[in-house]
Amino acid sequence: MSMSMMFLITTTITVVLIIISFWLPQTTPDTEKLSPYECGFDPLGTARLPFSLRFFLVAILFLLFDLEIALLLPIPWAMNQQPTTTVIWTSTIITLLTLGLVYEWMEGGLEWAE
């Protein structure tokens with residue numbers, strides 16, 4: 001199969017799907033979809049609802065500790081290049097994350113209810 005034939009087939013399929021999506025719109029949208037907020041709060045109430053600060057703390061802690069994945073992903077590749085330096089940096093990152101987790105645990109930052 002030639003490259004031009006594959007291009008023609010994919011273009012045809014794409015155009016057909018676009019035309020179908022315009023012909024079959026959803027005629028009765030859900031009332032939840034029409035509301036201005038999709039976060040679960042009542043859009044007719046006050047906009048000044050008090051938020052739990054503990055929720056934001058746990059969310060930020062999750063993001064912080066979730067970044068370890070991004071920092072630790074290149075370890076297998078780096079172990080082939082510079083094993084000694086990689087072990088030192090990996091140990092440093094894991095130690096800092098562990099100390100941060102222990103600190104938050106001791107301070108009670110990971111508890112939902114008091």
Side-chain angles (χ1 to χ4, degrees):
M1 204 181 243
S2 69
M3 193 67 130
S4 61
M5 187 66 167
M6 289 179 63
F7 181 75
L8 180 66
I9 291 172
T10 55
T11 305
T12 306
I13 291 173
T14 305
V15 169
V16 167
L17 288 176
I18 289 173
I19 291 172
I20 288 173
S21 72
F22 281 117
W23 278 349
L24 299 175
Q26 185 177 1
T27 56
T28 56
D30 190 10
T31 57
E32 291 297 321
K33 294 279 186 179
L34 292 176
S35 69
Y37 303 102
E38 292 183 0
C39 60
F41 293 107
D42 183 20
L44 303 176
T46 178
R48 303 287 181 202
L49 291 175
F51 287 105
S52 172
L53 201 55
R54 189 163 304 277
F55 170 77
F56 288 110
L57 177 65
V58 171
I60 289 173
L61 286 174
F62 172 76
L63 290 175
L64 176 71
F65 288 112
D66 196 42
L67 285 177
E68 76 183 65
I69 294 172
L71 294 173
L72 298 177
L73 272 176
I75 288 175
W77 171 80
M79 285 298 284
N80 291 330
Q81 304 297 323
Q82 302 168 344
T84 307
T85 309
T86 304
V87 169
I88 291 171
W89 280 111
T90 304
S91 300
T92 304
I93 292 171
I94 291 176
T95 302
L96 285 173
L97 286 170
T98 304
L99 289 174
L101 179 64
V102 168
Y103 175 76
E104 285 298 325
W105 197 330
M106 296 303 237
E107 291 293 319
L110 300 176
E111 296 180 18
W112 284 102
E114 295 181 20

side-chain contact (heavy atoms from CB on, under 4.5 Å) between Val87 and Met79, intermediate numbers included:
CA-CA 8 Å; Val87 169; Met79 285 298 284; 4.0 Å; yes
Step by step, work out the side-chain contact (heavy atoms from CB on, under 4.5 Å) result for Phe7 and Met3.
CA-CA 6 Å; Phe7 181 75; Met3 193 67 130; 5.8 Å; no
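Residues Ile94 and Leu101 share a hydrophobic cluster, clusters being chains of Ile/Leu/Val/Met/Phe/Trp/Tyr side chains in contact below 4.5 Å. Clustering ILVMFWY residues whenever any of their side-chain heavy atoms sit less than 4.5 angstrom apart, transitively, puts Leu97 in a cluster other than the one holding Ile88.
When every heavy atom of Leu73 is checked against every heavy atom of Pro76, the shortest pair comes out as O-CD, 3.2 Å. Minimum interatomic distance between Leu72 and Ile93 (heavy atoms only, all atoms of both residues): CD2-CG2, 4.1 Å.
Between the CD1 atom in Ile60 and the CD atom in Glu104 there is a gap of 10.5 Å [rounded to 0.5 Å]. A distance of 12.5 Å separates CH2 of Trp89 from CD1 of Ile75, quoted to the nearest 0.5 Å.
Applying the side-chain contact (heavy atoms from CB on, under 4.5 Å) rule to Thr14 yields the partners Ile18; only residues at least two apart in sequence or on another chain are considered. Partners of Ile13 by side-chain contact (heavy atoms from CB on, under 4.5 Å), not counting sequence neighbours, listed by chain and number: Ile9, Leu17.
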